Enquirer: 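Here you go, one structure.
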Protein chains: 2
Amino acid sequence: MEIDTATVPKGRPREFCVDAALAAALRVFWSKGYEGASMADLTEAMGITKPSLYAAFGNKEALFNKALDLYEREKTDYMRAALDAPTARGVAERLMYGALDMYSCPENPNGCLGVINSVACGAEAECIREAVVARSATAKQAMLERFTRAKDEGDFPEDVDPAGIAAFLTAMNQGMAVQAGAGATRAELERLVETGLKLWPGR
Amino acid sequence: MEIDTATVPKGRPREFCVDAALAAALRVFWSKGYEGASMADLTEAMGITKPSLYAAFGNKEALFNKALDLYEREKTDYMRAALDAPTARGVAERLMYGALDMYSCPENPNGCLGVINSVACGAEAECIREAVVARSATAKQAMLERFTRAKDEGDFPEDVDPAGIAAFLTAMNQGMAVQAGAGATRAELERLVETGLKLWPGR
DNA sequence: TCACTTATATACCAGCCGTTATGGAAATCG
DNA sequence: CGATTTCCATAACGGCTGGTATATAAGTGA
C-alpha cells in the first residue's frame, strides 16, 4: 500500500474553493470584528451555505482562527521581515512604512484585525480576545529582543530603553490602525509616520 | 403663576438615582463596548429593570450617548485642561501622564471608551461609531490648533509639522489605550510615556 | 447498476437580542 | 376620600443569533 498524498476524495466534491472562502471570511472579520460579523454576513460573503461552512471550518471560532492565521501569513509578514533590517532605524522604517502601506491599501478593510479584536467584547468572545492578545504579545516580544540587540550593537544612545522603544513602536502601529479605522487618509498617516521617524533616536 | 424650578413631581417617585445608574452603565459600556454590552448586562449593573431604563434614558443608543457625555465630562477633562499648559512640551506631558493615570487607575475599566467603540462594529452600531469618531476628531482638532500656535511661539524646531505632532500624540494615546486594554501594567505604560517624552522635539 | 461517501439545500432549533404591553403599587392633587 | 399621574415588576413580543437535522444531489469504487 503506497502513500497517496494527493488522492482523489471519495464522495461528492465540494463546489467552492476553501482558500477563497477563507479569504472572504477574513475580510468580513476585518471589517466588522468577531462579534460584529454574523454567520449570515459570513456565508453571504463566502458564497456558501451554513452547513458547508460548518463542514469545512468547524464553527465560527475555528473559522476566525483560520482567518487570523491567513492574516498573519499574508498581511503582517512585513513585521517579521522588518526585524531583519541591519539597524534599529531600518527596523522602524520598515515597520512604519509597512504599516502605512497595509493600512492605506484600498483593497484592504480599514484598520487592523488584531487591534479590532483585542480592545473589548462581550463575554462569549473573551477567548477570541485572549488569542489575539497572545499573538500580538509574541510579536512585541520579538521586537523587544531585536531592539535589545540593537542597543548592544550601539544603535541607540545610552539613555534609550529598549522595552520603551518597543512599546513606542507598537503604540505607533496601534495608533495608525485606530486612525485608519476612523477614516484617516493615506496622507494623514504618512505625516504621522514621518513625524515618528523624525523623532526616532540616533541617526 | 410663579416659576418653580425645583417642583415636586406629581406621580410616584422613582426609586433609583439616575446619576448612579448612568455611572454604572458607563462602566459596562467601557468594559464591553456598545455591542458587547447587552441590556441584561446593563440593567443588572444599574440595579434597575428594563422598563425603568427605557423610561429614564430612552433606549440603548440614547443611554450610550449619555454615558459618553459623562465619560468626557469626568474622565477625559484632563485633555482639555492639558492644552492650557504654557509650552508644547508641557501639553504633551500633561496629556501623556493624564492618560497614564486614567488607563492605570484600578477603579476604571481597562482601555478607552472612545477607542473601544471606534474601531469596528456590526451594521446596527455604525451610527454609534460615527458619533464617537466625530467627538475624537474635534479633540484632535483642538490639539492641532494648540500645536500650530506652539510652533508660531517657537516651541518647536523648524522641521516639525504641527499636524504630524498632533497625530503623533493622538497615536500615543490610542496605543496606550490598546495596550492597557490588552492588560499592560502601569509600569509598562510608564516606560512608554517616558520614552515618548524623551523623543519629544525641542527642550 | 448498485452501494457508499460526501456536499448541498431547506428548514428548523433553542436561546438571546432590544423593546414594549399590561397590571398593580405609590405618590400628589382636589 | 377618589382621581390622577408616574413608576415598578412580570411577561411577552418579533427578530436575529450560532448551530443542526433531514433529505437530496453528485461524485467514487465494485
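Sequence lines set the chain letters: A, B, ... in the order given, protein chains first and strands last, and positions in each chain run from 1. Everything numeric in this text was worked out from a predicted model, so none of it was measured.
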Enquirer: Which atom pair, heavy atoms only, marks the closest approach of A/G33 to B/A120?
Expert: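 Closest approach of A/G33 to B/A120, heavy atoms only: N-CB, 4.2 Å.
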
Enquirer: Over 60° means perpendicular and under 30° means parallel, so tell me whether A/F64 and A/F29 are parallel, tilted or perpendicular.
Expert: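 Aromatic pair A/F64/A/F29 classed perpendicular.
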
Enquirer: Ignoring hydrogens and geometry, is there a side-chain-to-backbone donor-acceptor pair from B/D77 to B/R73 under 3.5 Å?
Expert: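 Pair absent, no side-chain N/O of B/D77 close to backbone of B/R73.
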
Enquirer: Can you name the atoms? Protein N/O to nucleotides 1-3 of chain D N/O, anything below 3.5 Å, with the distance.
Expert:
none

Enquirer: Taking it one step at a time, do A/R129 and A/E126 satisfy salt bridge (charged side-chain N to carboxylate O under 4.0 Å, His left out)?
Expert: CA-CA 5 Å; A/R129 204 181 74 94; A/E126 197 62 37; 2.9 Å; yes

Enquirer: With the criterion being N/O to N/O and under 3.5 Å, what pairs connect the protein with nucleotides 23-30 of chain D, and how long is each?
Expert:
{"residue": "D/dA25", "atom": "N3", "partner": "A/R12", "partner atom": "NH1", "Å": "2.9"}
{"residue": "D/dA26", "atom": "O4'", "partner": "A/R12", "partner atom": "NE", "Å": "3.3"}
{"residue": "D/dT28", "atom": "O4'", "partner": "A/K10", "partner atom": "O", "Å": "2.9"}

Enquirer: Side chains of A/Q174 and B/Q174: any donor to acceptor distance under 3.5 Å?
Expert: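 No.
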
Enquirer: Measure the acute angle between the ring planes of B/Y71 and B/W30, then classify it against the limits of 30° and 60° as parallel, tilted or perpendicular.
Expert: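 B/Y71 vs B/W30 ring planes: perpendicular.
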
Enquirer: Quick one, which residues of residues 25-54 of chain B touch DNA chain C with a heavy atom under 4.0 Å?
Expert: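 DNA chain C contact set from residues 25-54 of chain B: B/A37, B/S38, B/M39, B/K50, B/P51, B/Y54.
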
Enquirer: With distance as the sole criterion, is a donor-acceptor pair present between the side chains of B/D41 and B/S38 under 3.5 Å?
Expert: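 Looking only at side-chain atoms, B/S38 and B/D41 do form a donor-acceptor pair, the distance falling under 3.5 Å.
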
Enquirer: B/K50: which residues meet the side chain to side chain contact (heavy atoms under 4.5 Å, CB included) condition with it, sequence neighbours left out?
Expert: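 Here the qualifying residues are B/M39, B/T43.
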
Enquirer: For A/E153, does the CD atom have more than 12 heavy-atom neighbours from other residues, nucleotides or ligands under 6.0 Å away?
Expert: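 Yes, the 6.0 Å shell around CD holds more than 12 heavy atoms from other groups.
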
Enquirer: I'd like to know if B/R94 and B/D101 make a salt bridge, using a cut-off of under 4.0 Å between side-chain N and carboxylate O.
Expert: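 Looking at B/R94 and B/D101, the cut-off is not met.
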
Enquirer: What are the 5'-most and 3'-most nucleotides of DNA chain C lying under 4.0 Å from any heavy atom of chain B?
Expert: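 Listing 5' to 3', DNA chain C meets chain B from C/dC17 to C/dT28.
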
Enquirer: Identify whether NZ of Lys or CZ of Arg in A/K66 sits under 6.0 Å from the centre of the six-membered ring of A/F57 and within 45° of that ring's axis.
Expert: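 Output no; distance or angle outside limits.
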
Enquirer: Ignoring hydrogens and angles, write down the donor-acceptor pairs under 3.5 Å from the side chains of residues 10-17 of chain A, residues two or more places apart or on other chains.
Expert:
{"residue": "A/R12", "atom": "NH2", "partner": "A/E15", "partner atom": "OE2", "Å": "2.9"}

